[in-house]
Every structure is written in structure tokens, then in C-alpha cells.
Amino acid sequence: MDNKQTQHELLKGFEIDGFRNDLINWFIQEQRDLPWRKDQDPYKVWVSEIMLQQTKVDTVIPYFNSFIEQFPNIESLANAAEDKVLKAWEGLGYYSRARNLQSAVREVYESYGGVVPNNAAEISTLKGVGPYTTGAILSIAYGVPEPAVDGNVMRVLSRVLHIREDIAKPKTRKLFEAVIRDMISRDNPSFFNQGLMELGAMVCTPTSPSCMLCPVQEHCRAFHEGVQRELPIKSKKKSAKQVSLVAGIFKNEEGQYLIHKRPSEGLLANLWVFPNFIKLDELGTTKQQLESLMKTEYGLDVEMGDYLCDIRHVFTHLVWDINVYVGTFHGTPPADRKDVVLVTEEEMLEYAFPVSHQNMWKEYKK
DNA sequence: TAACCGTGGAG
DNA sequence: TCTCCAAGGTT
């Protein structure tokens with residue numbers, strides 16, 4: 001609980017000035033040329049930080065470029081249709097990030113005159129902006145000396161300062177924030193924060209850190225003690241639970257396919273999918289279940305066709321095993337079902353699908 | 001606090 | 001194939 005005392009102990013005898021200078025000078029020399037580093041536009045910094053949450057740089061780059069091209073500023077994103085935003089996010093995962101980002105951008109547009117707030121009190125109230133993102137935007141876009149503690153920072157500092165707290169525990173982040181508040185450069189908080197993250201990504205990597213290339217090697221307690229591979233301490237998460245699903249790609253006489261919009265909260269919220277249901281053993285064969293559920297759920301008579309394929313969709317905390325069938329349907333779904341549409345192959349391109357359903361379609365088109 | 005929320009790549 | 005990971009946030 002007493003972080004103040006703990007962090008004071010941790011920094012006793014540590015050469016903060018030397019560490020800070022070596023880190024920042026290394027970052028100036030070695031930083032990667034990334035699209036969101038071309039300027040410090042707070043909006044672009046914000047978009048990049050949201051995309052980078054739990055996502056690798058190489059994955060983000062093409063999404064960032066395309067997103068900024070479509071929504072170059074606060075106003076354009078605030079006025080965009082949510083479906084367009086989700087389509088731009090398609091395949092990137094954690095889709096609530098996209099919906100929260102647009103919601104927060106709309107608030108900035110309406111309540112802050114389109115200017116991203118430059119203080120923690122206001123910016124941290126925005127949807128999808130937590131402690132890390134608050135610090136990242138403030139330090140990178142506005143030069144405010146606020147900690148930005150992510151996984152990289154906790155790993156790097158666990159090693160440099162030989163901290164053995166479990167970084168998987170939420171409470172541990174606060175200790176690192178307290179440490180950073182004592183360490184961060186007042187002259188260049190942006191490069192200090194980015195330097196820690198860049199070092200974590202490029203040198204002080206999780207499994208085999210390149211200590212011989214490290215600009216802060218001489219400051220690193222773990223290196224001196226030869227324990228860098230034991231750090232950081234991180235407890236393991238529970239394994240994912242498995243769920244069996246059945247899904248169908250159904251086409252009518254006019255070449256239209258039936259797709260369904262998922263609910264606005266929870267897993268894959270507001271994304272579009274082919275009809276799919278949790279499999280229940282007591283309801284007969286998979287094929288029979290699908291036929292009967294299409295009647296129950298959509299009021300549609302279907303003719304079942306062939307088995308198509310199995311698709312496995314692995315989430316962080318869940319695994320879907322999906323048996324996919326093809327079939328035909330007749331008639332139209334109830335008019336009040338706004339979450340169900342009939343689309344041609346051409347029109348389908350405008351809808352955002354999760355990767356598993358994109359893969360179903362690819363199999364279907366083979 | 002711990003569970004929930006995606007995806008693709010590395011080892 | 002399996003586990004872990006990656007610039008976290010929300011509930």
C-alpha cells in the first residue's frame with residue numbers, strides 16, 4: 001500500500017540523470033520511422049495509441065495509414081457513420097476500441113471545440129482513454145511529464161530496478177507510475193516515455209533481451225546480477241474455455257445472403273456475422289439444429305446443403321469451434337429485425353466481419 | 001480483483 | 001499444436 005516508501009527505496013543509489021540521458025540519446029539515434037511520429041498532432045497520437053493497445057506495431061501501421069486517410073481529423077471521425085469506422089477497424093480486434101474512440105472524439109468535437117484536452121483530469125474521462133493512454137497523449141502530444149506505463153515499461157523497469165512485483169496484477173501499475181514520476185525527464189517527457197517503450201520493443205524484449213546492445217546496460221541491476229531472464233515476474237492467466245457452434249451461409253434465389261448484426265455490447269459487438277448458434281447435444285444432429293434454429297430465430301424456411309468446413313476462432317478467453325454448412329432460404333426475415341439484412345456478394349464488402357466469418361466466406365468461395 | 005474483450009506472429 | 005505475447009480499458 002505504501003508505494004511512496006517503496007519507490008523511494010527502489011531509487012536509492014540509482015543514477016537517474018545518467019539513465020535518463022542515455023535513454024533519451026539512444027531514442028534520438030535509434031527510434032524507428034513510424035507513421036504516427038511524423039508530427040505530434042494530438043488526434044493522430046490518440047488514434048495510434050488506441051490502435052497500439054495490445055497490438056504489435058507491424059500490425060497497426062497499415063490500419064493507421066488507412067484510418068487517417070479516411071478520417072484525417074477530429075471532425076471527420078466525429079461525423080462518420082459507425083459502420084464505416086468499424087469497417088476501417090475490421091481485423092484489428094478489440095472492436096470496442098473503435099466505438100469508444102469515435103464516441104470520445106465526438107465528445108471532444110462537441111464539448112471541447114474539437115481540441116483534445118491537454119490535462120489528465122479532462123482527457124482521462126474520455127471513453128477508452130485509461131491511465132496509459134492519458135500519459136501517452138499528454139507526454140507525446142503536449143510535452144506534459146505524465147507517466148505512460150504499459151507492458152514494455154513494466155518489463156524494462158522490472159529489470160533495470162530489479163522489481164519483483166507481479167506485473168499481471170492491476171495494483172502493480174501504480175508502483176511503476178510512482179517510480180516514473182520521480183524519474184521522468186521534465187525537459188523531454190515525450191522521448192523519455194517513448195524511449196522506455198521503444199527499448200522494450202527493440203532491445204529489452206520479453207524472452208531474449210539484447211543486453212549487449214542496450215544503451216542503459218550500465219544502469220541495469222538485473223544485468224549486473226545476471227537475472228534479466230527471470231524478470232519481469234508475471235503470473236499466468238487461466239486458459240480459454242471452448243464452445244461449439246454451428247453456422248450457415250444461406251443464399252436465396254436472387255443471389256442474396258443472410259447476415260446478422262451482433263448486439264451492441266459484448267463479444268464482437270456491432271459486427272456482422274453469418275447465422276450461428278451454440279450447439280446443443282440434445283437437439284439432434286448439427287445440421288438439424290441449424291435448420292430448426294433458422295426457423296425459430298429468423299422465421300425462415302431453409303433447405304440444408306452440404307457441410308462446408310470447420311472454423312476455429314481463438315479469442316483471449318474463449319475458443320469457438322464452428323461447424324459450417326451451406327444452404328438456401330426462401331422469403332424474408334421479419335421487417336422489424338433491423339439486425340438482419342439480405343446482401344449481394346458485392347454489398348457484403350461494406351460490412352465489417354470478424355476474422356472467423358471472413359474465413360468462412362473464403363472457404364465458401366473456394 | 002478478476003473476467004471480459006481480438007488477432008496474428010514467435011518460439 | 002500449444003503457449004505466450006503486444007504501446008490496455010471497462011466492468
Side-chain angles (χ1 to χ4, degrees), chain A residues 27 31-32 34-37 44-64 86 89-101 103-104 123-137 139-141 147-156 166-174 176-177 190 193-202 204-208 232 234-243 262-271 273 311-321 352-359:
Chain A
F27 182 73
Q31 65 168 299
R32 288 169 290 179
L34 301 173
W36 46 89
R37 287 179 177 165
K44 283 187 264 184
V45 171
W46 184 4
V47 171
S48 73
E49 291 302 339
I50 300 300
M51 285 190 172
L52 285 162
Q53 289 171 5
Q54 301 292 286
T55 310
K56 289 201 158 57
V57 164
D58 288 345
T59 303
V60 168
I61 290 173
Y63 281 93
F64 176 82
L86 280 175
W89 211 271
E90 182 184 47
L92 197 53
Y94 287 139
Y95 299 95
S96 68
R97 291 185 296 176
R99 293 182 297 111
N100 287 338
L101 173 61
S103 169
I123 204 171
S124 63
T125 67
L126 297 170
K127 277 188 187 171
V129 179
Y132 163 76
T133 306
T134 296
I137 296 173
S139 62
I140 297 171
V149 177
D150 71 338
N152 286 309
V153 173
M154 290 197 282
R155 181 174 60 259
V156 170
D166 182 356
I167 67 167
K169 297 204 177 303
K171 185 179 169 189
T172 303
R173 196 199 73 250
K174 295 178 188 294
F176 285 92
E177 284 175 351
S190 169
N193 280 342
Q194 290 190 78
L196 281 178
M197 292 188 275
E198 192 83 347
L199 189 68
M202 304 302 292
C204 196
T205 51
T207 52
S208 56
K234 188 175 186 181
S235 57
K236 300 192 169 118
K237 313 175 192 173
K238 290 192 346 188
S239 59
K241 74 173 175 187
Q242 192 266 352
V243 178
R262 291 179 57 83
S264 60
E265 292 185 348
L267 189 65
L268 303 171
N270 285 359
L271 268 67
V273 290
I311 298 280
R312 168 164 282 205
H313 192 157
V314 179
F315 302 90
T316 305
H317 62 293
L318 196 64
V319 179
W320 282 352
D321 280 309
F353 290 84
V355 168
S356 53
H357 286 249
Q358 294 177 44
N359 289 340

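Everything numeric in this text was worked out from a predicted model, so none of it was measured. Heavy atoms only: backbone and side chains are in, while hydrogens, waters and symmetry mates are out. Within every chain, numbering begins at 1; the chains are lettered A, B, ... in the order of the sequence lines, protein sequences first and strands thereafter.
- Shown here are the side-chain hydrogen bond (donor to acceptor under 3.5 Å, both in side chains) partners of Arg97(A), two or more places apart in sequence or in another chain: Thr55(A).
- Ring centroid separation for the pair Trp320(A) and Phe315(A) comes in under the 6.0 Å cut-off.
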Protein-proximity profile, nucleotides 5-11 of chain B, B/S/- by nucleotide at the 4.0 Å heavy-atom cutoff, equals BBBB---

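- Atom-to-atom, CE of Met202(A) to P of dA6(C) comes out at 13 Å; the value is rounded to the nearest Å.
- Going from atom NZ of Lys234(A) over to atom P of dA2(B) covers 15 Å, rounded to whole Å.
- Among dC2(C), dT1(B), dC5(C), the nucleotide with an atom closest to any side-chain atom of Pro170(A) is dT1(B).
- Straight-line distance from the CZ atom of Arg32(A) to the C1' atom of dA6(C): 11 Å, rounded to whole Å.
- Across the P atoms, dC2(C) and dC5(B) are found 23 Å apart, a figure rounded to whole Å.
- Rounded to a whole angstrom, the distance from the C1' atom of dT1(B) to that of dT10(C) is 13 Å.
- Where Gly128(A) and Gln194(A) meet DNA chain C, the nucleotide closest to each residue was compared, and Gln194(A) sits on the side nearer the 5' end.
- Rounded to whole Å, atom C1' of dT11(C) lies 12 Å from atom CG of Asn100(A).
- The phosphate of dA6(C) (OP1 or OP2) has a side-chain N or O of Arg155(A) nearer than 4.0 angstrom.
- Between the side chain of Tyr63(A) and the backbone N or O of Glu90(A) there is at least one donor-acceptor pair closer than 3.5 Å.
- Side chain of Arg262(A) to main chain of Val273(A): no donor-acceptor pair is present (N/O by atom type, distance under 3.5 Å, no hydrogens or angles).
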Atom pairs and distances, donor-acceptor, side-chain atoms in residues 234-243 of chain A, under 3.5 Å, two or more places apart:
residue, atom, partner, partner atom, Å
Ser235(A), OG, Asp166(A), OD2, 2.7
Gln242(A), NE2, Asp321(A), OD2, 2.7

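- Note on Val60(A): nothing from the nucleic acid sits closer than 4.0 angstrom, heavy atoms only.
- In this structure, the nucleotide among dG8(C), dA6(C), dA3(B) sitting nearest to the side chain of Tyr132(A) is dG8(C).
- No side-chain donor-acceptor contact under 3.5 Å links Gln53(A) and Tyr132(A).
- Looking at heavy-atom distances under 4.0 Å, Arg262(A) makes no contact with the nucleic acid at all.
- Between dT11(C) and dG6(B), the distance separating the two P atoms is 14 Å to the nearest Å.
- Distances shorter than 4.0 Å separate none of the side-chain N or O atoms of Lys171(A) from OP1 or OP2 on dT1(B).
- In this structure, Arg173(A) contributes its side chain and Val149(A) its backbone to no donor-acceptor pair below 3.5 Å.
- Contacts of Trp89(A) with the nucleic acid, taken as non-hydrogen atoms under 4.0 Å apart, are absent.
- Spacing between atom NZ of Lys238(A) and atom C1' of dC4(C) amounts to 18 Å, rounded to whole angstrom units.
- Heavy-atom nearest nucleotides on DNA chain C were determined for Leu126(A) and for Thr205(A), and the one closer to the 5' end corresponds to Thr205(A).
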